[in-house]
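Down below is the structure, laid out as C-alpha cells.
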Amino acid sequence: MKYDFKAAESKWQRIWEEKQLFRADNNSDKKKYYALVEFPYPSGVGLHVGHARPYTAMDIVARKRRMQGYNVLFPIGWDAFGLPTENYAIKNHIPPKEVTRVNVAQFTSQLRMLGYSFDWSREISTTDPEYYRWTQWIFLKLFEKGLAYKARMPVNWCTSCKVVLANEEVVEGVCERCGGAVVRKEKSQWMLKITEYAQRLIDDLDGLDFIERVKIQQKNWIGRSTGANVRFSTTAGDEIEVFTTRPDTLFGVTYMVLSPEHALVERWKEILKNYPQVAEYRAQAEKKSDLERTELSKEKTGVELLGVRAVNPVTGAEIPIFISDYVLSTYGTGAIMAVPGHDQRDWEFAKKFGVPIVEVVMGGDVQQEAYTDSETGVMVNSGFLDGLEVPDAKKRITAWLEEKGLGRAAVNYKLRDWVFTRQRYWGEPIPLVYCDKCGWVPLPESELPLILPEVESYEPTDTGESPLSTMTDWVHTTCPHCGGEAHRETDTMPQWAGSSWYFLRYMDPHNTQALASKEALDYWGQVDWYNGGMEHTTLHLLYSRFWHKFLYDIGVVPYSEPYARRTSHGMILGEDKQKMSKSRGNVVNPNDVVEQYGADTMRLYIMFIGDFEKAAPWSSAAVKGCQRFVDRVWALAQQASDSDYVTPQHEALIHRTIKKVGEDIEVLKFNTAIASLMTLANEMAEKGCTRGDMKVFLTLLSPFAPHVCDESWEALGLEGMASCQAWPEYDEAKARPEEVEIAIQINGKFRDTVTVPADCGQDETVEAARNVPKVQRYLEGGTLVKTIFVKGRLVNFIVK
RNA sequence: GCGCCUGUGAUGGAAUUGGCAGACAUGCGAGAUUUAGGUUCUCGUGUCGAGAGACGUGUGGGUUCGAGUCCCUUCAGGCGCACCA
C-alpha cells in the first residue's frame with residue numbers, strides 16, 4: 001500500500017487541532033520554552049519557500065521541546081501594516097484592510113498546510129486596533145520620557161515610495177524596499193532617540209547568545225569611535241567644534257572643512273567674500289541624491305570660505321576653512337579638522353587645493369600619501385608631543401585640551417536617531433495633537449486606540465503630506481489639554497513599529513488592561529530562541545532591542561534584553577542559483593511542492609537542502625530524494641515485525657542516532673540530523689526492524705516529518721501519537737559498538753584497517769595491526785622507529 | 001577602502017574538531033521486477049591506471065608521525081558598512 005500523504009496530512013492536522021496539542025499554557029508548572037519566528041508580512045504573492053526554511057526549523061525545535069517536557073510558546077501573527085499592501089490597494093481600489101484580510105487568509109492556509117505547530121489561539125495582527133493601541137501606548141511613553149521628539153532636519157526621501165526613510169532603510173543609497181532613488185529633503189519628523197541607547201545596545205550584546213555576525217553587524221552599525229571634541233576659534237569670533245579620533249595629530253591640522261549644510265555658513269553670509277560661490281556649491285550638494293554623492297566621491301570638491309580663517313590652537317597658525325561634501329552634516333559635529341599628512345581624504349583634498357601637508361607622525365612619506373596608522377609611530381613637528389608614541393600622544397593632548405578648556409575626550413556613534421514618521425496611510429496613527437497654545441499634546445490613554453480612519457483615497461502626495469491630511473474631519477480636533485482647537489498628527493508610524501514589541505503580545509494576546517500582564521511577562525520571560533533573517537539585523541532586531549530596553553527602564557518588562565538566542569538562516573535561491581524573483585521566473589511556490597510531494601517532503605527537503613546558515617539553491621530533482629525517504633518510512637512501518645523490543649543489532653546505531661539528531665537540532669545542523677535518520681532507515685530496511693525499533697525512529701523523525709510519523713505510528717498499532725512521545729534518552733553505554741575498525745598508517749599514510757574489540761588497549765591493537773599481511777610487508781622492508789596509537793582510531797607505524 | 005564569511009566529486013553537501021576525505025542525497029551508468037514507468041529494488045560512480053599503486057579538499061609554502069581542519073602567502077567568490085573624520 002502506497003503512502004497517501006494527502007489523506008494523512010489533512011487527517012493529522014485536523015487531529016492536532018482538535019486535541020489542541022500545541023496550546024501554550026500561561027499557568028503551567030512545566031519549564032517554559034519560548035521559540036519565535038519572525039512573523040510574516042502577509043503580501044499578496046503568498047508564502048514563499050524562503051519562509052518555510054526558518055519556520056520549519058523553529059517548528060522542529062518547538063516540537064522537540066514539547067517532547068522534552070517543556071511548556072512551549074510557539075506563536076504566529078501578522079506584520080500587516082506596510083507599503084506593498086497600500087500600493088496594491090491604490091492600484092486595485094480595494095481598501096488596505098480588505099487586502100490584508102484576504103492575504104492573511106491565504107497565509108494562514110499555507111502555514112496550516114505545512115503542519116506547523118503554532119498556537120493559533122494567540123494569533124495577532126499589528127493592524128488590529130486592540131494590538132496597535134499598545135503600539136501607540138508605547139509611543140506615548142517614549143514621548144512622555146522625552147525620547148520621541150519632533151525635529152526639522154534633512155531626511156532620506158524615497159522618490160518612488162514618496163515617503164521618508166530611516167537610515168537603516170537606505171541601502172547603498174537607494175530605498176531598501178523598492179530600489180528607488182533617495183534624496184535629501186528637509187522635513188519636520190518625529191524622531192526616536194535610539195542614540196541614547198547606543199552604548200547599552202553595544203555593551204549588552206556581550207551577554208547574549210547571538211551568532212557572531214549579528215553582533216558584529218550591529219556593533220558596526222552603531223559604530224562607536226573614541227577621540228576628542230576640539231574647539232577651534234575663528235577670525236569671525238565663532239568657534240568651530242569638531243570631533244576627531246586623532247587628537248594626537250592636532251599639530252598637523254592645516255585647514256578645516258565644514259559640511260555644506262553647516263549652520264556657520266549661513267551665519268557668515270555677510271562676511272564671506274565669495275558667498276554666491278559658496279551658496280552655489282551648497283545648492284549643488286543638496287540636489288545630489290545619496291548615490292550620486294558617494295559615486296562622485298572619488299574626486300574631492302569644495303569651496304574655500306574667503307574672509308574667515310580658523311586658528312590652530314596648538315600652533316597658533318591661521319588656517320583656511322572650506323566647505324566640502326566629503327564632510328557629512330550628520331556625523332560628529334558636521335565639521336572636521338583636516339590633517340592631510342595622516343588622513344587619505346584630507347590628503348587628496350589638500351593636494352587638489354594646494355594646502356600644506358605637515359608630517360606629525362613618523363612612519364611614512366606624507367608627500368606621497370597619508371600615513372594613516374593610528375596605533376604606531378613617533379610624533380614629530382608637534383611641540384610638546386614630540387618623541388611620544390601615538391597612543392601616549394593621544395592621552396597627553398587630550399589632557400592638555402581639557403586643561404586649557406579647548407576640548408575633551410569624546411565618544412561618537414554612527415548610529416543616528418530613528419526617523420519614525422511615514423507620510424502614508426497604512427500604518428499606526430500617531431496619538432498626538434498639535435495645539436497652538438499647548439504645542440504637541442498626547443492623547444489620554446483612555447482614548448487609545450486612536451483608530452485609523454477609513455479614507456477615500458490612499459494616494460501618497462507629492463508634497464510629502466500624508467493621505468490622512470486630507471481628512472479634515474479627522475484632522476481637526478480639540479486639544480486634550482486646554483480644549484481649544486487642535487489638529488492631529490497625520491503621518492503614521494513606520495512598518496517597524498508593530499514588530500518592535502510583538503513577541504510580548506503573544507504572551508498575553510487578549511489582555512485589554514496592558515500590553516501583557518505582569519504574570520505573563522514574568523513567566524515567559526525572554527524569548528529563548530529567535531531565528532530570523534540577517535536583513536533585519538540593523539532594522540527590526542536593533543529597533544526591538546531598543547524598545548525593549550526602554551520598556552525595561554520604565555518597569556514594563558522584567559528583562560533588559562528581549563532575546564536570549566538569535567540565529568539566522570541562509571536564503572533559498574532559485575534553481576539557477578539566483579535570488580528568486582518573479583522577473584527571473586525562478587520562483588518556487590510551496591503550494592505546488594506540497595501538492596505534488598506533501599508537507600513532510602517539503603519540510604524534510606527544505607531542512608536537508610544544505611547548511612542552514614548558508615544560501616542554498618532549490619533543486620526540484622533533489623526533492624524526490626526526500627519523498628522516497630517518506631515513502632520508505634511508511635514502507636518500514638508496514639514491514640516491521642510485531643516485537644516491541646529493540647533489535648540488538650540496531651541498538652548501537654539507534655543510540656548514536658538519538659545523540660546525533662538531538663544534538664544537531666540544537667546547533668542548526670538539520671541536514672546532518674536528517675542524514676543520520678536516513679542512515680538508520682536504510683539499515684533497518686536492509687536488515688529488518690521491529691515495532692520497537694520503529695517506535696524510537698518515528699519519535700526522532702516526528703519533529704521533521706510529523707504527519708508520516710503519526711500515520712505510521714497508528715498503523716503500527718502503537719499507543720498515543722508520535723508527536724506526543726517523550727524525547728528518547730541517549731544511553732552512551734548502548735551507543736558504543738562492540739567492535740571498531742582501526743585505521744593503520746605507515747609513515748602517516750593510510751594503508752589498511754583492522755577490526756578489534758571496542759575496548760581494545762594499545763598493546764593488543766598494535767599487535768593486531770602488526771599482523772595484517774599488508775602491514776607486515778611494509779614492516780619487513782625497514783626498521784620500525786616509532787608507533788603512534790590513538791585509541792579506537794588508528795595505529796601509525798613509522799618505518800625507516 | 002574597512003569589517004565579516006566561504007572555497008571539498010557532475011550537483012547539494014558530510015567529515016567525531018588534527019586521525020580511513022567525499023557520510024546522506026541528487027544526477028549518471030549497468031542490471032532486475034513491470035504491459036508501461038517521473039515506480040520499486042540491486043550493483044557501480046573523486047581523478048589517472050588493466051593492475052599493484054599513484055594523485056586528490058582554490059594557489060604556493062610551513063608546523064606535525066599525521067593537515068580539508070592549525071600558521072603564513074596568494075587567488076577567487078559572497079555579505080555587511082562605506083568620504084563615519
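Lettering of chains follows the sequences in order, A, B, ..., and the numbering in each one begins at 1. Computation of the quantities below employed the complete heavy-atom set of this structure, encompassing side-chain atoms and omitting hydrogens, waters and symmetry-equivalent molecules.
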Roughly, in whole Å, what's the span from [atom1] in [X] to [atom2] in [N]?
X	N	atom1	atom2	result
Glu212(A)	U6(B)	CD	C1'	17 Å
Asp631(A)	G38(B)	CG	C1'	13 Å
Phe629(A)	C41(B)	CZ	P	13 Å
His536(A)	G80(B)	NE2	C1'	15 Å
Lys786(A)	G66(B)	NZ	P	9 Å
Met571(A)	G80(B)	CE	P	8 Å

Using atom [atom1] in both nucleotides, what's the gap between [N] and [M] to the nearest angstrom?
N	M	atom1	answer
G29(B)	G78(B)	P	33 Å
U33(B)	G49(B)	P	34 Å
U59(B)	A76(B)	P	14 Å
C41(B)	G66(B)	P	45 Å
G27(B)	A10(B)	C1'	7 Å
G22(B)	U45(B)	P	12 Å
G19(B)	C24(B)	C1'	22 Å
U6(B)	U42(B)	C1'	39 Å

Worksheet item: How does RNA chain B look in dot-bracket notation if pairs are Watson-Crick or G-U with both distances under 3.5 Å, crossing ones as [ ], other-strand ones as |?
Response: (((((((..(((......[....)))((((((.......))))))(((....)))..(.(((..]....))).))))))))....
Which one, [options], comes nearest to the side chain of [X]?
X	options	answer
Thr245(A)	G38(B), G80(B), A85(B)	A85(B)
Ser619(A)	A85(B), C41(B), U26(B)	U26(B)
Lys300(A)	C65(B), C83(B), G27(B)	C83(B)
Phe750(A)	C20(B), G66(B), C81(B)	C20(B)
Ile336(A)	A85(B), C81(B), G66(B)	A85(B)
Thr753(A)	C20(B), C24(B), C81(B)	C20(B)
Ala621(A)	C65(B), A85(B), U26(B)	U26(B)
Gln596(A)	C81(B), G3(B), G38(B)	G38(B)

Practice prompt. Please work out which residues in residues 407-419 of chain A have a non-hydrogen atom less than 4.0 Å from an atom of RNA chain B and list them by number.
Written response: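 Lys414(A), Arg416(A), in order of number.
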Item to complete: Heavy atoms under 4.0 Å is the rule here; annotate nucleotides 12-17 of chain B 5' to 3' with B where the base is hit, S where only the sugar-phosphate is, and - elsewhere.
Response: BSSSB-
Worksheet item: Between Leu794(A) and Gln745(A), is a side chain to side chain contact (heavy atoms under 4.5 Å, CB included) present by the stated rule, with each step listed?
Response: CA-CA 7 Å; Leu794(A) 64 51; Gln745(A) 295 182 343; 3.6 Å; yes
Worksheet entry | Cation-aromatic face contact Lys300(A)/Phe349(A), 6.0 Å, 45 degrees |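 Here Lys300(A) fails the 6.0 Å and 45° test against Phe349(A).
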Residue pair [X] / [Y], side-chain heavy-atom distance below 4.5 Å:
X	Y	answer
Val390(A)	Arg246(A)	yes
Phe353(A)	Tyr255(A)	no
Arg566(A)	Asn531(A)	no

Worksheet entry | Closest-nucleotide 5' rank along RNA chain B - winner of Asp343(A) and Glu686(A) | Glu686(A)
Discussion item. I want to confirm an ordering. Mapping Asn220(A) and Thr330(A) to their closest nucleotides on RNA chain B, which one lands closer to the 5' end?
Written reply: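 Residue closer to the 5' terminus by nearest nucleotide: Asn220(A).
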Classify the nucleic acid contact of [X] as base, sugar-phosphate or nothing, counting any heavy atom under 4.0 Å across all strands shown.
X	value
Ala675(A)	base
Lys774(A)	sugar-phosphate
Lys749(A)	sugar-phosphate
Gln745(A)	base
Asn682(A)	sugar-phosphate
Ile788(A)	base
Glu741(A)	base

Worksheet item: Under 6.0 Å between the ring centres of Tyr605(A) and Trp618(A)?
Response: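 Close enough - the centres of the two rings lie under 6.0 Å apart.
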Mind checking the [atom1]-[atom2] spacing from [X] to [Y]? Nearest 0.5 Å is all I need.
X	Y	atom1	atom2	result
Leu305(A)	Met256(A)	CG	CE	11.0 Å
Glu241(A)	Leu264(A)	CD	CG	11.0 Å
Trp221(A)	Ile202(A)	CH2	CD1	13.5 Å
Asp343(A)	Tyr371(A)	CG	OH	14.5 Å

Practice prompt. Identify whether the distance between the nearest side-chain nitrogen and carboxylate oxygen of Arg656(A) and Glu732(A) falls below 4.0 Å.
Written response: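 Salt bridge absent between Arg656(A) and Glu732(A).
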Worksheet entry | Criterion salt bridge (charged side-chain N to carboxylate O under 4.0 Å, His left out) on Glu348(A) and Lys352(A), from CA distance to verdict | CA-CA 6 Å; Glu348(A) 282 162 21; Lys352(A) 182 162 171 182; over 6 Å; no
Worksheet item: For U42(B), does the O4'-C1'-N9-C4 (purine) or O4'-C1'-N1-C2 (pyrimidine) torsion place it in syn, i.e. within 90° of 0, or in anti?
Response: anti
Worksheet item: In terms of base orientation, is G9(B) syn or anti, with the syn window spanning 90° either side of 0?
Response: syn
Fill in: No-H, no-angle donor-acceptor pair, Glu348(A) side chain to C83(B) base, under 3.5 Å
no
Worksheet item: Does the salt bridge (charged side-chain N to carboxylate O under 4.0 Å, His left out) test come out yes or no for Lys6(A) and Glu595(A), once each step is laid out?
Response: CA-CA 8 Å; Lys6(A) 267 188 198 160; Glu595(A) 173 66 23; 2.8 Å; yes
Would you say a side-chain N or O of [X] is under 4.0 Å from OP1 or OP2 of [N]?
X	N	value
Arg628(A)	C41(B)	no
Thr537(A)	G80(B)	no
Arg751(A)	A54(B)	yes

Worksheet item: Mind checking whether Tyr3(A) and Trp634(A) have parallel, tilted or perpendicular rings, split at 30° and 60°?
Response: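 Rings of Tyr3(A) and Trp634(A): tilted, 30 to 60°.
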Discussion item. Test side chain to side chain contact (heavy atoms under 4.5 Å, CB included) on Glu38(A) and His540(A); report intermediate values, then the result.
Written reply: CA-CA 10 Å; Glu38(A) 289 176 336; His540(A) 158 66; 3.9 Å; yes
